[in-house]
Amino acid sequence: MTEKTLDELNACSKADFVAALANIFEYSPWIAEKAAESRPFAGVKQLFAAMRKVVEEAAAGQRLALIKAHPDLADKTQRGDLLTAESNAEQNSVGLDRLSEAEYAAFDRVNNAYRAKFGFPYIVCVRRHTKDSILADFEKRLPNDPAAEVTASVAEICKIAALRTDLLVDGPDRLQVHGRLSTHVLDTHSGRPAAGISVELVELSKLGVSRVIARTLTNHDGRTDVPLIGGRPVPIGRYELTFKVGSYFAERNVPMSDPPFLDEIPLRFSVYEPEGHLHVPLLVTPWSYGTYRGS
């Protein structure tokens, strides 16, 4: 998708408007076509609200067709021309294009079970999830009745569309679809921020290989120059932050044991609010450390 300004979308022809927004909702340009009648829009939120209203007011058959327009997750047979560029990028962002054999088997099992029960694909906004949390959500939703899953699917489709709108449309009153994960390190031995500590963030996985999300150094304020995750939702899941504190204290000639009592400190935590701000700090001396859930 090529980014458009809201002014451009307000001023262009209906055909150009529909062409620009055709895949905000997967293979469903009829939504943009109907929403175009509500122009002009004062902000991005107003534009998205108009498209969501079209979905909410659509006939049951249209909503079901919208659901069925979406692909299965991690389906090798749907790669290439069968996936929109948007779906392909979204699935790749969570690593669904490079699953282990155990993960492929798990996704294949739940995809088949879900389709067999409901007759349409399982839909979730993958940019808000990790692989593990997608599989957990599959299992949580499978016992639902069909009406509940139609409602859940439409809600997830709207979350997907909101993120696509945010990527595509530049204008005032933007959608609140981003979260943030941050950290800072306080050297409580010296009573000052800890600069130059190596920090690594890893997304943990039960079935596959854990993924390194970020590697960085703390700055003069003991923080990272940019959030560990920012400018997008913080995916629901389990993470590990590792702080290399042994070399930090050694470089400052702090008396320590050999080997140091604390060398690398791993902190494991979970994310459950993709659009929230989660702050995971470290308070450390050569002999102790602590943390808490900040925001």
Side-chain angles (χ1 to χ4, degrees), residues 93-95 124-137 140 159 163 175-257 259-295:
S93 73
V94 75
V124 71
C125 182
V126 296
R127 290 180 62 199
R128 301 177 74 251
H129 285 267
T130 59
K131 293 176 291 184
D132 282 5
S133 69
I134 291 171
L135 289 171
D137 188 66
K140 187 186 302 180
K159 291 173 185 175
L163 283 164
L175 297 167
Q176 296 173 336
V177 293
H178 296 167
R180 185 155 49 107
L181 173 61
S182 60
T183 188
H184 79 266
V185 184
L186 178 63
D187 175 357
T188 55
H189 174 66
S190 65
R192 63 190 177 200
I197 287 186
S198 177
V199 179
E200 180 181 81
L201 175 67
V202 172
E203 175 195 308
L204 301 174
S205 175
K206 293 179 180 178
L207 291 177
V209 178
S210 296
R211 293 199 301 164
V212 175
I213 303 299
R215 288 192 180 101
T216 188
L217 293 173
T218 56
N219 57 26
H220 70 281
D221 196 33
R223 304 176 185 272
T224 57
D225 289 336
V226 296
L228 296 166
I229 299 177
R232 61 185 178 97
V234 182
I236 298 166
R238 300 175 307 116
Y239 296 84
E240 182 175 272
L241 260 176
T242 300
F243 302 85
K244 297 184 178 180
V245 301
S247 57
Y248 164 83
F249 286 116
E251 289 168 2
R252 283 151 183 80
N253 298 316
V254 176
M256 295 187 298
S257 58
F261 177 63
L262 295 176
D263 187 12
E264 296 187 5
I265 298 175
L267 297 181
R268 290 196 171 188
F269 60 96
S270 296
V271 170
Y272 49 89
E273 295 175 335
E275 291 77 39
H277 177 200
L278 178 60
H279 187 62
V280 185
L282 179 72
L283 291 74
V284 64
T285 78
W287 314 280
S288 64
Y289 66 90
T291 189
Y292 57 90
R293 187 201 185 284
S295 62

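Bear in mind the structure is a predicted one, so any value in this text is a computation, not a measurement.
- Remark: Pro266 engages Glu240, Thr242 in a side-chain contact (heavy atoms from CB on, under 4.5 Å) (not counting sequence neighbours).
- Closest heavy-atom contact between Pro260 and Asp263: CG-CB, 4.1 Å.
- In this structure, the side chains of Leu262 and Phe249 stay at 4.5 Å or more apart for every pair of heavy atoms.
- For the residue pair Pro235 and Pro233, the shortest heavy atom distance occurs at CD-O, 3.3 Å.
- Annotation: side chain of Cys125 is in contact with side chain of Leu163 (closest heavy-atom distance under 4.5 Å).
- A donor-acceptor contact shorter than 3.5 Å is absent between the side chain of Ser93 and the backbone of Arg127.
- Put simply, the side chain of Ser182 reaches to within 4.5 Å of the side chain of His277, judged on heavy atoms.
- Within the model, atoms CZ of Arg223 and OG1 of Thr216 stand 14.0 Å from one another, a figure rounded to the nearest 0.5 Å.
- Between Leu282 and Val245 there is a side-chain heavy-atom pair separated by less than 4.5 Å.
- Residues Leu204 and Ser210 approach most closely at CA-OG, 3.5 Å, considering heavy atoms.
- Interatomic distance, Ile134 CD1 to His129 NE2, rounded to the nearest 0.5 Å: 6.5 Å.
- Salt bridge annotation for Arg128-Glu275: present, with a cationic side-chain nitrogen under 4.0 angstrom from a carboxylate oxygen.
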May I have the list of side-chain donor-acceptor pairs in residues 224-232 shorter than 3.5 Å, sequence neighbours left out?
from   : atom 1 : to     : atom 2 : distance (Å)
Thr224 : OG1    : Val226 : O      : 2.7
Asp225 : OD1    : Asn219 : ND2    : 3.0

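- Applying the side-chain contact (heavy atoms from CB on, under 4.5 Å) test to Phe269 and every residue at least two apart in sequence or in another chain returns Leu181, Leu201, Tyr239, Leu241, Val271, Leu278, Val280.
- Legend: residues meeting side-chain contact (heavy atoms from CB on, under 4.5 Å) with Lys206, ordered by chain and number and at least two apart, are Asp132, Arg238.
- Rounded to the nearest 0.5 Å, atoms OG (Ser270) and CD1 (Ile236) are 10.5 Å apart.
- The closest donor-acceptor contact from the side chain of Thr218 to the backbone of Gly196 lies under 3.5 Å.
- Every residue two or more places apart in sequence or in another chain that forms a ring pair (Phe, Tyr, Trp, His ring centres under 6.0 Å) with His184 is listed here: His279.
- When all heavy atoms of Gly95 and Lys131 are compared, the closest pair comes out as O-CD, 4.1 Å.
- Summarising the geometry of Trp287 relative to Phe261, their closest heavy-atom pair is O-CE2, 3.2 Å, with the distance given to 0.1 Å.
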Side-chain donor-acceptor contacts of residues 185-193 below 3.5 Å, not counting sequence neighbours, with atom names and distances?
from   : atom 1 : to     : atom 2 : distance (Å)
Asp187 : OD1    : His189 : N      : 3.0
Asp187 : OD1    : Ser190 : N      : 3.1
Asp187 : OD2    : Ser190 : OG     : 2.8
Asp187 : OD2    : Tyr248 : OH     : 2.8
Thr188 : OG1    : Val284 : O      : 3.2
Ser190 : OG     : Arg192 : NE     : 3.3

